[in-house]
Amino acid sequence: MTATIIDGNAAAERQRLQIAAEIARWKEQRRCIPGLAVILVGNDPASEVYIGSKARQTVAVGMRSFEYRLPAETSQDELLTLISRLNADEEVDGILVQLPLPQHIDTDGVIRAVDPAKDVDGFHPENAGRLMRGLPSLVPCTPLGCMMLLQTVATDLRGLHAVVVGRSNIVGKPIAQLLLQADCTVTMTHSRSRDLPAVCRQADILIAAVGRPEMVRGDWIKPGAIVIDVGINRLPTAGAAKGRLVGDVAFEEARHIAGAITPVPGGVGPMTIACLLQNTLLTAGGRGK
Ligand code: NDP
């Protein structure tokens with residue numbers, strides 16, 4: 001069997017085009033433009049790249065982008081003051097604080113300071129709680145992107161057995177909630193799970209969100225399963241300064257066994273920013289724009 005390769009670049013491009021068309025309608029009919037504020041504290045190189053592409057894509061779909069690049073020594077109070085100002089700013093519909101934050105900053109406190117109605121990352125406890133209760137909420141972008149990719153290859157997920165490897169608050173747990181809402185039978189696994197390969201082999205849908213390069217081997221996969229690889233890992237490679245990007249799944253092994261699989265790069269990654277823009281549109285609409 002050779003798996004269908006789920007093309008995240010194409011899916012993200014389709015989504016961005018839809019958002020751009022919607023923004024064009026907004027400009028004409030509502031005479032307003034949604035705005036997204038992104039805050040970076042410090043100069044982590046990966047974060048710099050992420051916020052650069054977030055800003056570019058925000059502008060490309062026709063939204064307003066507000067970028068705040070703060071020095072690494074910014075205090076908690078200074079950051080909270082900026083968030084409070086953005087919470088009150090009518091032109092700002094979404095606020096994203098790029099993680100990780102420097103050690104001296106209390107990340108949870110910062111997440112809680114963002115107005116839940118502008119929390120486009122979906123990390124605020126109010127949104128996380130609403131998601132858990134099955135209420136309308138802002139959903140974290142990467143899990144949302146995973147669900148959209150899943151739906152490109154399976155429209156009805158009811159009754160399928162989904163195994164999620166990884167239980168982080170930003171990926172594993174919200175994905176499990178979304179799969180549960182789609183009526184999957186969900187098994188969550190983590191670093192203490194016993195006989196992980198055997199658990200994974202039961203999965204009709206296997207989500208890998210671990211951060212360990214190529215940990216999920218081909219023989220962990222049930223023939224025909226849908227595999228969504230969230231992992232982004234850089235492997236040192238001779239001759240390549242930045243190294244090679246691989247997922248949490250051994251792609252070359254898995255693609256001969258799975259029914260469908262996301263590649264890395266070009267799978268889940270591109271969907272994350274597209275879903276961020278989608279969430280910003282949602283918050284702008286929710287705020288009556
Ligand atoms: P975290 O480090 O927060 O969580 C990793 C999870 O994996 C934990 O729950 C951990 O278990 C579990 N885990 C670690 N080792 C094992 C193991 N040997 N067996 C089973 N489970 C294990 O990572 P994130 O959730 O933030 O990210 C996961 C991956 O997804 C990373 O590669 C990250 O770069 C990528 N990512 C990609 C995004 C995208 O846009 N495509 C966005 C966000 C993340 P325990 O809880 O027991 O410690």
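Order of appearance sets the numbers: ligands from 1, and atoms from 1 within every ligand.
- Remark: Glu28 does not engage Arg25 in a salt bridge, criterion side-chain N to carboxylate O under 4.0 Å.
- Under the 6.0 Å distance and 45° angle rule, Arg217 does not count as a cation-pi partner of Trp220.
- Protein residues having a heavy atom under 4.0 Å from any atom of ligand 1 are Thr142, Val165, Gly166, Arg167, Ser168, Ile170, Val171, His190, Ser191, Leu196, Ala209, Val210, Gly211, Arg212, Met215, Val230, Gly231, Ile232, Asn233, Val268, Gly269, Thr272, listed by chain and number.
- No donor-acceptor contact under 3.5 angstrom links the side chains of Glu78 and Thr81, judged on distance only.
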Taking only distance into account, with no hydrogens and no angle test, what donor-acceptor pairs under 3.5 Å do side-chain atoms of residues 183-190 form with protein atoms, sequence neighbours excluded?
| unit_1 | atom_1 | unit_2 | atom_2 | d |
| --- | --- | --- | --- | --- |
| Thr187 | OG1 | His161 | NE2 | 2.7 |
| Thr189 | OG1 | Val164 | O | 3.0 |
| His190 | ND1 | Arg192 | N | 3.2 |

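- Looking at Thr280, Asp121, Val114 one by one, the single match for side-chain contact (heavy atoms from CB on, under 4.5 Å) with Ile95 turns out to be Val114.
- Residues Ile23 and Gly62 approach most closely at CG2-O, 3.5 Å, considering heavy atoms.
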